[in-house]
Amino acid sequence: MIKLATRVGKVSQSITLAIAAKAKAMKAQGIDVCSFSTGEPDFDTPQHIKEAAKLALNQGKTKYGPAAGEPTLRAAIAKKLRIDNNLNYTPDNIIVTNGGKQSLFNLMLALIDPEDEVIIPAPYWLSYPEMVKLATGTPVIVQTTTETSYKITPAQLRRAITPKTKLFVLNSPSNPTGTVYSATEIKALAEVIIENNLWVVSDEIYEKILYDGAEHLSIGAVSSEIFNRTIISNGFAKSYSMTGWRVGYLAAPIELIEATNTIQSHSTSNVCTFAQYGAIAALEESQDSVEQMLQAFTKRRQVILDGIMTIPHLSCPTPMGAFYVFADISHTKISSLDFCEALLESQKVTAVPGKVFGTDNCIRLSYATDLTSIEKGIDRLAQFVSSL
Ligand code: PLP
């Protein structure tokens with residue numbers, strides 16, 4: 001047996017990726033699987049973005065580039081953050097990364113020491129605690145409930161803070177719950193962060209997928225004090241259906257960006273050069289495709305919510321953003337892992353167990369799939385629940 005490094009034993013495999021792979025494999029075998037497990041839009045990348053990358057390829061943008069990213073892309077991101085989010089960054093405050101995932105990973109490596117604690121509200125995106133552990137820090141999980149629509153309250157945050165707390169992780173709109181913090185809630189959390197000299201990383205990867213008039217406020221825009229303690233993580237995967245392109249970014253005070261640049265220069269170097277030209281087109285050219293995808297998600301969200309409401313024993317708060325519903329299964333008295341396994345076995349429907357997001361009495365259903373599959377999947381889910 002190989003004696004692996006201790007750090008590997010502390011982290012678990014990404015179960016969402018594993019479930020998605022299993023569903024794909026079953027589909028490849030000709031099995032009619034309804035997949036509610038994918039964390040990626042089912043739309044193709046908009047054509048103009050692809051054309052920009054093709055042009056870059058043809059123009060020979062095939063070489064190593066600066067580790068921090070193509071200067072034009074860093075400038076476009078700084079402009080986007082100014083216009084969309086009211087955040088005043090220069091290109092030097094930006095690093096382009098291999099997706100939002102690497103931006104958060106780099107940040108943890110740059111900021112977290114072994115004694116440091118990182119506060120993460122649950123349900124959380126499953127990689128946050130694992131990244132903290134890989135950076136040898138300690139994740140401190142604060143459980144939230146449906147009573148606050150899965151939002152951490154300032155009082156809960158205050159109670160979780162110790163002299164070792166370094167960072168608070170905020171994700172709005174949230175994966176897996178779809179919850180969106182209001183401006184008042186964001187401001188109240190900002191006060192606690194400032195009072196306690198913490199850092200906050202704001203994962204804004206779902207910022208453009210909002211419903212029913214919900215608005216996204218970037219916590220860094222609340223005041224100059226919080227701006228200086230904020231790190232923004234974002235990417236192109238969800239808004240522009242560019243999951244496979246692997247382009248994301250971090251925006252932060254220059255010292256932190258330089259630290260992540262040093263780390264990145266010894267790990268992955270620059271993000272695929274021609275992919276970055278696609279990202280420039282995503283930001284600089286028409287945003288119509290973002291709107292079209294949002295319209296499709298809005299319709300699907302209604303269909304899945306209506307469907308869940310008809311299933312006895314299941315309930316969920318109305319998600320205001322992203323493309324997930326987080327359904328409470330506690331009345332079925334089955335653990336989320338057993339529920340999802342039996343659902344796949346008996347009905348060929350994939351869902352992600354809430355346990356991987358830190359909340360075992362729920363399952364996550366992604367509606368980043370076509371309407372017919374949603375309707376069929378909900379019927380099967382209803383049959384499954386009625387058979388229990
Ligand atoms: N943050 C959240 C909340 C996510 O759900 C994801 C992907 O599922 C990411 C970050 C990372 O996205 P990517 O690395 O594809 O840009």
Side-chain angles (χ1 to χ4, degrees), residues 13-21 35-43 45 49 69 73 77 94-108 118 120-132 134 139 150-152 167-181 200-210 216 218-219 231-251 260 264 267-268 271-272 275-276 278-279 282-283 297 319-326 352 354 356-359 364-369:
Q13 198 204 5
S14 170
I15 292 184
T16 46
L17 291 186
I19 292 174
S35 177
F36 285 128
S37 57
T38 37
E40 60 181 345
D42 53 323
F43 312 105
T45 302
I49 298 176
L73 178 55
I77 293 167
I94 316 286
I95 182 167
V96 181
T97 55
N98 281 281
K101 201 173 243 179
Q102 196 200 11
S103 79
L104 292 160
F105 189 70
N106 282 350
L107 168 70
M108 297 304 173
V118 178
I120 304 171
Y124 47 72
W125 180 49
L126 74 172
S127 292
Y128 298 141
E130 309 310 291
M131 288 174 177
V132 172
L134 283 169
Y150 292 120
K151 296 173 200 178
I152 189 171
L167 176 68
F168 168 58
V169 179
L170 178 65
N171 175 216
S172 176
S174 145
N175 175 6
T177 64
T179 206
V180 176
Y181 286 73
V200 56
V201 59
S202 182
D203 180 350
E204 308 191 350
I205 199 149
Y206 294 98
E207 65 164 336
K208 294 201 186 284
I209 307 174
L210 294 165
H216 169 72
S218 182
I219 192 164
I231 301 118
I232 306 288
S233 177
N234 206 331
F236 295 81
K238 317 290 178 174
S239 302
Y240 298 99
S241 208
M242 291 172 67
T243 45
W245 291 62
R246 311 310 303 137
V247 194
Y249 56 91
L250 205 62
T260 56
Q264 190 158 296
S267 54
T268 55
V271 171
C272 167
Q276 294 186 57
L283 290 180
F297 283 139
M320 299 305 286
F323 40 70
Y324 310 104
V325 288
F326 203 55
V352 184
V356 306
F357 308 107
T359 308
R364 189 193 76 177
L365 302 168
S366 159
Y367 49 91
T369 186

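Both counts, for ligands and for their atoms, begin at 1 and track the order of listing.
- With sequence neighbours excluded, no residue satisfies salt bridge (Lys or Arg N to Asp or Glu O under 4.0 Å) with Glu204.
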For ligand 1, run through the N/O pairs with the protein that fall under 3.5 Å and put one pair on each line.
unit_1, atom_1, unit_2, atom_2, d
ligand 1, 1 (N), Asp203, OD2, 2.6
ligand 1, 5 (O), Asn175, ND2, 2.7
ligand 1, 5 (O), Tyr206, OH, 2.8
ligand 1, 8 (O), Lys238, NZ, 2.7
ligand 1, 14 (O), Gly100, N, 3.1
ligand 1, 14 (O), Lys101, N, 2.9
ligand 1, 14 (O), Arg246, NH2, 2.7
ligand 1, 15 (O), Arg246, NH1, 2.8
ligand 1, 16 (O), Gly100, N, 2.6

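- Proximity of a side-chain donor or acceptor of Arg364 to a complementary backbone N or O of Ser37 within less than 3.5 Å is detected.
- A pairwise comparison of heavy atoms in Ala322 and Pro173 identifies N-CB, 3.9 Å as the closest pair.
- Partners of Lys151 by salt bridge (Lys or Arg N to Asp or Glu O under 4.0 Å), not counting sequence neighbours, listed by chain and number: Glu185.
- Under a 3.5 Å cut-off, the side chain of Ser233 and the backbone N or O of Leu250 do not form any donor-acceptor pair.
- Residues that satisfy the side-chain contact (heavy atoms from CB on, under 4.5 Å) test with Leu134, not counting sequence neighbours, are Arg7, Val11, Phe105.
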